[in-house]
Amino acid sequence: MSTAERLPFLKGHGTENDFVIVPDPDNRLELSAAAVARLCDRRAGIGGDGVLHVVRSAAHPEARSMAADAEWFMDYRNGDGSIAEMCGNGVRVFARYLRHAGLVDAGDLAIATRAGVRRAHIAKAAPASDPRGQEGAEGGITVAMGRALLPDGPDTEVTVSVGGLSWPARNVNMGNPHAVAFVGDLADAGNLFTAPDVRPASVYPDGVNVEFVVERGPRHVAMRVHERGAGETRSCGTGACAVMVAAARRDGLDPAVLGHPVTYTVDVPGGRLTIAELPDGSVEMTGPAVIVGEGTLEPGWLRGALEDGAA
């Protein structure tokens, strides 16, 4: 893609976890880490927790093997430009974009990610007479997030520390790594723009997302999160799934043993998600996803961003 062209972009969010959406079906644009960071800069760029680079699976070397199952690949980047395996809120916003652009219909679809193919369901729009607001009228999006992995053993025990306070944390992998700590007060997490100290560091060689969780009621929790590469965000979909599974196990609930799904409500600073774990171990996340606007990047600004990344 020539830097003389205007690059279209959109802005969207899922429970206020916000993203710059860059449609690039043929994978013609080389997005360096520096260019992604500039796009996500909230003062000098568009602003966002990450970038959703929209590419046809057949056009991307990391996704070609999934092209038969999923036409579209979510090439997700963190706000600092680093590459991530998966982003739960990002998948919902990615699906909303595909529907917004007329590339898919409401209903079921498959999306390729670095953590594998994720299945989503886009609810049909509510009738015009529906009393809910725009976000509700669009219908929620449910994403099959795969199975949670719960590493066990003495070499996987972790501790999270912030400002002199420490808590044991549950190691959960949702295609990306999480450390889930149950705390007395969400304020104890301090300033989550600074990464909490997680020990031993060897458990998470590629970094970790850290969730702090408090009780709100039966099968109802609230959380704050530090996302690696982004700092504190208003929501984290994979983090909410990790929290739900950790809370269920702490409460003695295992759907594989019970023989029926277990559902938790997870409040995040940006809204509310519903997370269900099924008897086969798969996890489903349901929540809103909104496209808030679209436009084009000036060629000169884009050229500068790309050249900075290539320098």
Side-chain angles (χ1 to χ4, degrees), residues 17 76 78 82-91 113-116 118 143-163 165-184 186 188-190 192 194-215 219 221-233 235-257 262-264 266 268 273 275-285:
N17 193 188
Y76 180 66
N78 293 315
S82 60
I83 291 173
E85 304 91 341
M86 176 60 183
C87 175
N89 289 316
V91 171
T113 76
R114 289 186 176 85
R118 294 293 183 258
V143 179
M145 298 290 288
R147 290 174 171 80
L149 300 179
L150 300 169
D152 203 2
D155 59 339
T156 63
E157 295 177 0
V158 296
T159 299
V160 171
S161 301
V162 175
L165 299 175
S166 295
W167 305 269
R170 186 70 188 254
N171 185 356
V172 184
N173 192 291
M174 287 298 309
N176 57 356
H178 297 268
V180 180
F182 292 91
V183 300
L186 290 179
D188 291 341
L192 287 182
T194 301
D197 183 47
V198 180
R199 300 293 178 92
S202 59
V203 176
Y204 301 107
D206 298 318
V208 61
N209 305 287
V210 184
E211 288 80 27
F212 297 84
V213 189
V214 296
E215 297 293 331
R219 300 193 189 185
V221 296
M223 60 174 269
R224 288 176 63 199
V225 59
H226 171 91
E227 289 196 61
R228 58 176 180 170
E232 181 170 19
T233 60
S235 179
C236 176
T238 56
C241 293
V243 164
M244 178 269 155
V245 173
R249 296 301 183 275
R250 183 203 57 173
D251 295 342
L253 301 174
D254 185 343
V257 175
V262 172
T263 301
Y264 276 67
V266 181
V268 295
L273 295 166
I275 314 295
E277 187 182 14
L278 309 184
D280 66 0
S282 60
V283 179
E284 293 184 344
M285 172 185 61

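Counting begins at 1 with the first residue of the sequence.
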**Prompt:** For R199, does the CZ atom have more than 12 heavy-atom neighbours from other residues, nucleotides or ligands under 6.0 Å away?
**Reply:** no
Using side-chain heavy atoms (C-beta onward) and a distance below 4.5 Å, is M174 in contact with M145? yes
_Contact between C236 and H178 at the side-chain level, heavy atoms closer than 4.5 Å - yes or no?_
yes
The single option from N176, N173, N89 that satisfies side-chain hydrogen bond (donor to acceptor under 3.5 Å, both in side chains) with T238 is N176
Trace of the side chain to side chain contact (heavy atoms under 4.5 Å, CB included) decision for M244 with V262
CA-CA 9 Å; M244 178 269 155; V262 172; 3.9 Å; yes
For M86 and A115 the tightest heavy-atom approach is CB-CB, 3.9 Å
### Task
May I ask you to test the V225-L192 pair for a side-chain heavy-atom distance under 4.5 Å?
no
*asked:* If you apply the rule side chain to side chain contact (heavy atoms under 4.5 Å, CB included), what do you find for T113 with E85, and how did you get there?
replied: CA-CA 7 Å; T113 76; E85 304 91 341; over 6 Å; no
Notebook entry, point to check: How about R228 and V208: do any of their side-chain heavy atoms sit closer than 4.5 Å?
Noted result: no
What's the verdict on side chain to side chain contact (heavy atoms under 4.5 Å, CB included) for V198 and T159, showing C-alpha distance, side-chain angles and the deciding distance?
-> CA-CA 6 Å; V198 180; T159 299; over 6 Å; no
Side chain to side chain contact (heavy atoms under 4.5 Å, CB included) with F212: of V180, V162, D188, only one passes, and it is V162
Between C87 and N17, is there a side-chain heavy-atom distance shorter than 4.5 Å?
yes
Closest heavy-atom pair, L273 versus G237, reported as atoms and distance to 0.1 Å, is CD1-CA, 4.5 Å
When you measure from the side chain of R219 to the backbone N and O of A247, does any donor-acceptor pair fall under 3.5 Å?
no
Shortest non-hydrogen pair, A246 vs V172, comes out as CB-CG2, 4.4 Å
A side-chain contact here means heavy atoms from C-beta on lying under 4.5 Å apart; do R249 and D254 qualify? yes
- Item | Whether N209 side chain and A179 backbone form a donor-acceptor pair below 3.5 Å | no
Minimal heavy-atom distance between A169 and V160, with the atoms involved, is CB-CG2, 3.7 Å
>> What verdict does the side chain to side chain contact (heavy atoms under 4.5 Å, CB included) test give for H226 and T194, after you've listed the backbone C-alpha separation in whole Å, the side-chain angles of each residue and the deciding distance to 0.1 Å?
In response: CA-CA 8 Å; H226 171 91; T194 301; over 6 Å; no
Q) Do E284 and T263 have side chains that get closer than 4.5 Å, going by heavy atoms? A) no
Discussion item. Whether the side chain of R224 engages the backbone of L186 through a donor-acceptor N/O pair (distance < 3.5 Å, no angle test) should be reported.
Written reply: yes
Q) Given side chains that start at C-beta, do those of R170 and R250 come closer than 4.5 Å, heavy atoms only? A) no
Distance-only polar pair, side chains of D251 and Y264, donor-acceptor under 3.5 Å: yes
Taking D280's backbone N and O only, do any of them form a donor-acceptor pair with R147's side chain (distance below 3.5 Å, no angle check)? yes
